[in-house]
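Quick caveat, the model's predicted, so the values are computed rather than measured. Residue numbers start at 1 and run along the sequence shown.
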Amino acid sequence: MLSYTGGIVLLAAMLHASWNAMLHGNRDRFLSMTWMSVAIAAVATFVVLSVPAPPRAAWPCIAASGLVHCIYNVSLVRSYRRGDLALAYPIARGSSPLLVTIGAAIFTHETIGPLRAAGIAMISGGIVAIALEGRRVSRTGALAALFTGATIAVYTVIDGIGVRASNGQALAYTAWMFLFYWLMPLLFVAVRGVAPLWQPLRAEPLSVMTSLAGGLVSIAAYGIVIWALQSDAMGAVSALRETSVVFAVLIGRMFLRETVSAMRWLACVVVAAGAVCLGL
């Protein structure tokens, strides 16, 4: 049976899949990510004005994580501009738990038992199987997906270290880190100008509202992950979070009427079995 923390992280995975589904129909991913970032940064600004500042020991991690998150956002936007990268992106989600486990072992001397190691391997393997089933990914696409997975792993390990140095102030840590999302609209304006950012408010208000809502869901999803990183193994938390790929398959089948093959269902079962292993 999953622990209380594991159940909450699975909720975060469901939220993560939900905001991805909400943004599924938005064609301009850079614009969508920018408006998502505005919502995230606005909430973070409100929170930092309401809570005590984190301890000094946490600030290097806050700054490093915030910058890596921005790199991840840009990498994700670039990946959606190339067809094979969009197919390969689940490879990033599958590779990150293994990379997080290695990073946590190196930088925090964190160890996990054989059952949890098997669970992480099953989740990562199942997610990669979902990505590759019936598809061929180019070398460029695979390398780009692995780079994205590496950025996910880097900010997860940094946040695991940082939130543990925050003396239980997970909310303050999360809010201050998310303040760096104000860099995304600045980057958008630098690349495209101010008009392309504001025009959609009149031309496509529903798309902007969807992106803003996605940002609110996203901050809740990753805020839960940071909370869980305070006490649980980083690799295990990361693996449970990446079960969002399975939730995305279920959402696609139930609400978007997407076809799911028998092999993909089998991969989802493997991921679910891995999640059970992490909860035992």
Side-chain angles (χ1 to χ4, degrees), residues 12 15-23 26 28-51 53-54 58-81 89 92-93 96 147-163 166 169-194 196-198 200-201 207-229 238 241 244:
L15 292 173
H16 183 79
S18 298
W19 73 253
N20 274 278
M22 292 166 67
L23 297 177
N26 289 353
D28 191 336
R29 296 283 178 169
F30 191 15
L31 179 65
S32 296
M33 183 65 74
T34 300
W35 279 110
M36 275 187 60
S37 299
V38 169
I40 292 169
V43 171
T45 301
F46 174 79
V47 173
V48 299
L49 296 175
S50 309
V51 297
W59 284 104
C61 290
I62 289 173
S65 177
L67 293 174
V68 175
H69 267 86
C70 291
I71 294 172
Y72 161 75
N73 289 338
V74 173
S75 175
L76 181 58
V77 168
R78 287 175 59 86
S79 74
Y80 278 118
R81 291 179 179 174
Y89 179 64
R93 313 307 307 191
S96 61
F147 175 78
T148 304
T151 61
I152 296 169
V154 169
Y155 72 61
T156 302
V157 173
I158 291 173
D159 287 333
I161 297 171
V163 75
S166 69
Q169 296 186 48
L171 180 61
Y173 176 92
T174 304
W176 279 98
M177 185 274 293
F178 275 136
L179 279 183
F180 280 81
Y181 273 59
W182 282 122
L183 293 175
M184 285 301 295
L186 294 178
L187 177 62
F188 185 95
V189 170
V191 172
R192 295 192 187 178
V194 176
L197 180 63
W198 293 109
L201 285 172
S207 176
V208 174
M209 292 301 105
T210 301
S211 298
L212 291 172
L216 297 179
V217 176
S218 176
I219 195 172
Y222 194 63
I224 290 172
V225 170
I226 292 180
W227 169 80
L229 288 171
S238 175
R241 182 203 181 200
S244 61

For this session: Start with the C-alpha distance between L67 and L183, add both sets of side-chain angles, then the distance that settles side chain to side chain contact (heavy atoms under 4.5 Å, CB included), and finish with yes or no.
Result: CA-CA 9 Å; L67 293 174; L183 293 175; 4.1 Å; yes
Exercise. Within the distance-only criterion (no hydrogens, no angle test), does the side chain of S75 pair as donor or acceptor with the backbone N or O of Y72 below 3.5 angstrom?
Worked result: no
For this session: Classify the angle between the aromatic ring planes of Y222 and F178 as parallel (below 30°), tilted (30 to 60°) or perpendicular (above 60°).
Result: perpendicular
Exercise. T151 and V68: which non-hydrogen atoms are nearest, and at how many Å?
Worked result: O-CG1, 3.6 Å
For this session: Considering non-hydrogen atoms only, spot the tightest contact between C61 and I158 and give its length.
Result: O-CG2, 3.3 Å
Problem set entry | L216 side, atom CG; S211 side, atom OG - distance, nearest 0.5 Å | 11.0 Å
For this session: Evaluate the ring pair (Phe, Tyr, Trp, His ring centres under 6.0 Å) criterion for residues W35 and W198: first the C-alpha distance (whole Å), next the side-chain angles of each, then the deciding distance (0.1 Å), finally the verdict.
Result: CA-CA 10 Å; W35 279 110; W198 293 109; 5.7 Å; yes
Problem set entry | Shortest non-hydrogen contact between I62 and F180, atoms and distance | O-CE1, 3.9 Å
Exercise. Has the side chain of T174 got a donor or acceptor atom that lies under 3.5 Å from a matching backbone atom of A170?
Worked result: yes
Exercise. Heavy atoms, side chains only, cut-off 4.5 Å: are Y173 and S65 in contact?
Worked result: yes
Exercise. Looking only at heavy atoms, what is the nearest atom pair of V38 and W182, with distance?
Worked result: O-CH2, 4.2 Å
Problem set entry | Nearest-0.5 Å distance, CD1 of residue I40 to CE of residue M33 | 8.0 Å
Problem set entry | Spacing of R192 atom CZ and T34 atom OG1 [to the nearest 0.5 Å] | 7.5 Å
Exercise. From L186 CG over to C70 SG, what is the distance, rounded to the nearest 0.5 angstrom?
Worked result: 9.5 Å
Exercise. Going through the distances and angles, do N73 and M36 end up as a side chain to side chain contact (heavy atoms under 4.5 Å, CB included)?
Worked result: CA-CA 11 Å; N73 289 338; M36 275 187 60; over 6 Å; no
Exercise. Can you list the steps and then say if W176 with L179 is a side chain to side chain contact (heavy atoms under 4.5 Å, CB included)?
Worked result: CA-CA 5 Å; W176 279 98; L179 279 183; 3.5 Å; yes
For this session: Supply the atom-to-atom distance L201 CG to S207 OG, rounded to the nearest 0.5 angstrom.
Result: 10.0 Å
Exercise. What closest approach, in Å, do S96 and G149 show between heavy atoms, and which atom pair accounts for it?
Worked result: CB-O, 3.6 Å
Exercise. Which atom pair, heavy atoms only, marks the closest approach of G162 to A58?
Worked result: O-CB, 3.8 Å
For this session: To the nearest 0.5 Å, tell me how far L197 CG sits from L31 CG.
Result: 6.5 Å
Exercise. Checking side chain to side chain contact (heavy atoms under 4.5 Å, CB included) for the pair R241/I152: CA distance, chi angles, key distance, verdict?
Worked result: CA-CA 11 Å; R241 182 203 181 200; I152 296 169; 4.0 Å; yes
Exercise. Does the side chain of Y181 reach to within under 4.5 Å of the side chain of I219, using non-hydrogen atoms?
Worked result: no
